[in-house]
Amino acid sequence: MGTTRPAHWPMDQFPTIDDCLRVGGIPLTQLAARVGQTPFYAYDRRLLDRKVALLRGELPTAIKLHYAIKANPMPALVRHMAGLVDGLDVASLGELRVALDAGMSPAEISFAGPGKRPPELAAAIAAGITINLESVRELETAARLGREQGQRPRTAVRVNPDFELKASGMKMGGGPKPFGVDAEQVPALLRRIGELELDFEGFHIFTGSQNLRAEAIVEAHDRTFELALRLAADAPGPVRLLNIGGGFGIPYFPGDQPLDLTPIAVNLERWLPVVEARLPQAQVVLELGRYLVGEAGLYVAEVVDRKVSRGHTFLITNGGLHHHLAASGNFGQVLRKNYPVVVGNRVVGTEREVVTVVGPLCTPLDILADRMELAKADVGDLIVVFQSGAYGLTASPTAFLGHPPCVEVLV
Ligand SMILES: *Cc1c(COP(=O)(O)O)cnc(C)c1O
């Protein structure tokens with residue numbers, strides 16, 4: 001290896017030996033042969049272990065960790081995560097089945113998402129998981145289905161807070177939102193839960209996603225605890241669950257710094273005795289998706305053509321936005337920026353050049369790397385997109401243009 005740092009540095013969670021990336025200790029070329037096709041996603045279970053251990057080491061031990069499986073619902077990965085975290089959060093009946101298959105105890109599964117339909121609510125009640133209620137209609141439907149089944153639904157209230165998570169990639173609370181029940185309408189909903197004699201677990205307050213600013217998260221946590229303590233005055237029973245959301249981000253782009261957990265941990269340490277005194281039965285839960293799995297995954301596509309158009313070099317691969325919409329810049333980005341990309345089997349290379357890496361789709365949106373400096377690559381080389389463990393395959397339009405499907409492996 002030369003002294004030149006690969007362009008993705010410091011994203012060095014996957015080691016490079018003899019200029020070839022390793023995933024779970026296996027050289028990428030060998031892994032590609034083992035998978036039997038390109039493109040594929042690979043997730044490294046040791047990196048999943050490491051991330052959860054890092055969080056547990058930094059955060060107060062009383063904080064429970066939940067994995068929000070919409071970030072990556074691959075069944076083998078969810079099963080692995082189920083052994084590491086304290087609970088799973090699902091957002092559909094399909095995800096609920098994956099969570100139950102993974103062996104997580106129903107008492108530690110919660111179900112959020114607007115517009116839960118009667119079959120979803122009925123399944124949640126039958127499974128005995130916690131339903132995060134997002135409207136009066138959901139509450140009334142759950143109560144009716146519970147009576148029909150002869151089961152008491154376990155419920156929590158998802159609150160649309162009266163504040164926002166600042167500097168967040170995606171805001172999911174504050175102002176008018178389809179998510180949750182507006183904080184000012186929560187007392188009436190709590191009274192109704194009491195009248196209908198449903199099991200009341202507590203509150204779910206989720207404010208946003210992909211935040212790299214610790215001080216913004218600290219401020220959101222302050223507002224969240226204050227709001228929960230206020231709402232608890234109208235609760236029909238003791239608060240047993242206080243889900244304070246997540247929103248922890250990961251670095252994707254040049255200049256992004258990893259989230260500093262220390263101020264978040266210090267602030268939680270400060271709040272826990274207050275919660276303990278006012279809501280003695282409450283378990284405080286952080287629910288995280290991207291932060292737990294995003295950095296553990298790679299997307300790998302193969303160069304199938306190389307062409308020069310009016311002085312500009314294009315590498316055309318067999319993978320693209322149909323498998324990885326986020327890397328193409330079309331999932332939540334306003335201005336397109338390159339994800340970290342390398343040529344996985346020649347990370348530094350001997351010669352380097354500026355190229356644009358595209359997929360095979362007949363649309364100018366199908367870009368994996370735009371004018372990026374990479375090792376000089378040719379047909380058969382493997383293009384790797386880092387930070388691909390979350391919102392990858394299942395967040396992509398896989399049917400678009402009818403190309404062959406992608407596979408996923410847990411290594
Ligand atoms: C999407 C979502 C998450 C996960 O968000 P990340 O940014 O991936 O951590 C957690 N909870 C709820 C309710 C969600 O909708």
Side-chain angles (χ1 to χ4, degrees), residues 43 48 51-52 55 59 63-74 77-78 81 84-92 94-96 98-99 108-116 120 124 129-135 138 156-161 164-174 177-181 201-214 216-217 220-221 224 241-252 256 258-259 261 264 284-297 325-326 331-333 387-395:
Y43 314 116
L48 299 170
K51 198 62 183 277
V52 173
L55 262 179
L59 298 177
I63 300 285
K64 301 285 175 208
L65 286 183
H66 280 200
Y67 172 50
I69 80 177
K70 86 168 188 273
N72 189 331
M74 182 209 189
L77 179 141
V78 175
M81 294 304 291
L84 298 175
V85 297
D86 306 303
L88 296 174
D89 292 312
V90 303
S92 69
E95 288 190 358
L96 173 57
V98 173
E108 313 303 335
I109 300 175
S110 61
F111 186 173
K116 296 181 203 71
E120 294 178 304
I129 65 159
T130 299
I131 302 166
N132 292 325
L133 297 169
E134 314 226 2
S135 75
E138 276 186 15
V157 175
R158 178 167 181 186
V159 182
N160 174 25
E164 287 191 339
L165 173 57
K166 290 178 188 144
S168 193
M170 258 183 238
K171 289 194 172 62
M172 292 182 66
K177 287 284 181 298
F179 312 111
V181 177
E201 294 292 320
F203 298 107
H204 175 223
I205 305 177
F206 183 83
T207 49
S209 264
Q210 181 48 22
N211 203 304
L212 289 172
R213 284 187 44 217
I217 292 174
H221 284 172
T224 297
L241 173 75
L242 182 48
N243 182 329
I244 60 172
F248 294 15
I250 61 171
Y252 286 97
D256 281 358
L259 180 65
L261 292 174
I264 297 169
V284 179
V285 170
L286 264 179
E287 69 174 1
L288 300 169
R290 184 192 313 266
Y291 188 80
L292 296 180
V293 299
E295 292 172 299
L325 187 66
F331 187 73
Q333 282 193 46
Q387 309 299 77
S388 296
Y391 304 107
L393 189 56
T394 59

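Nothing fancy with the numbering, it's 1 onward along the sequence. Just follow the structure's listing: the first ligand is 1, and inside any ligand the first atom is 1. Since the structure is predicted, the reported quantities are computational estimates derived from the model, not experimental observations.
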*Asks:* Taking Glu134 for the side chain and Arg158 for the main chain, is one N or O donor matched with an acceptor at less than 3.5 Å?
*Replies:* no
*Asks:* Does the Tyr291 side chain pair with the main chain of Lys51, one donor and one acceptor, at a distance under 3.5 Å?
*Replies:* no
*Asks:* Numbering the atoms of ligand 1 from 1, which are under 4.0 Å from a heavy atom of Glu287?
*Replies:* 10 (C), 11 (N), 12 (C), 13 (C)
*Asks:* Could you state the interatomic distance from CG (Leu292) to CG (Leu55), rounded to the nearest 0.5 Å?
*Replies:* 6.0 Å
*Asks:* As an exercise, identify every atom of ligand 1 less than 4.0 angstrom from a heavy atom of His204.
*Replies:* 13 (C)
*Asks:* Flag Arg290 as yes when one of its N or O atoms lies below 3.5 Å from any N or O atom of ligand 1, and as no otherwise.
*Replies:* yes
*Asks:* Nearest non-hydrogen atom to atom 6 (P) of ligand 1 belongs to which of Tyr391, Phe248, Tyr291?
*Replies:* Tyr391
*Asks:* Short N/O distance, under 3.5 Å, between Gly289 and ligand 1?
*Replies:* yes
*Asks:* In terms of atom number and element, which parts of ligand 1 are under 4.0 angstrom from non-hydrogen atoms of Ala68?
*Replies:* 3 (C), 4 (C), 10 (C)
*Asks:* Show me which atoms of ligand 1 lie under 4.0 Å from any heavy atom of Ser209.
*Replies:* 5 (O), 6 (P), 7 (O)
*Asks:* Could you measure the distance from the CD1 atom of Ile69 to the CG atom of Leu88? Nearest 0.5 Å is fine.
*Replies:* 6.0 Å
*Asks:* Verify, without hydrogens or angle tests, whether Lys116 (side chain) and Asn132 (backbone) share a donor-acceptor contact under 3.5 angstrom.
*Replies:* yes
*Asks:* What is the minimum heavy-atom distance between Leu65 and Val85, and which atoms define it?
*Replies:* O-CB, 3.4 Å
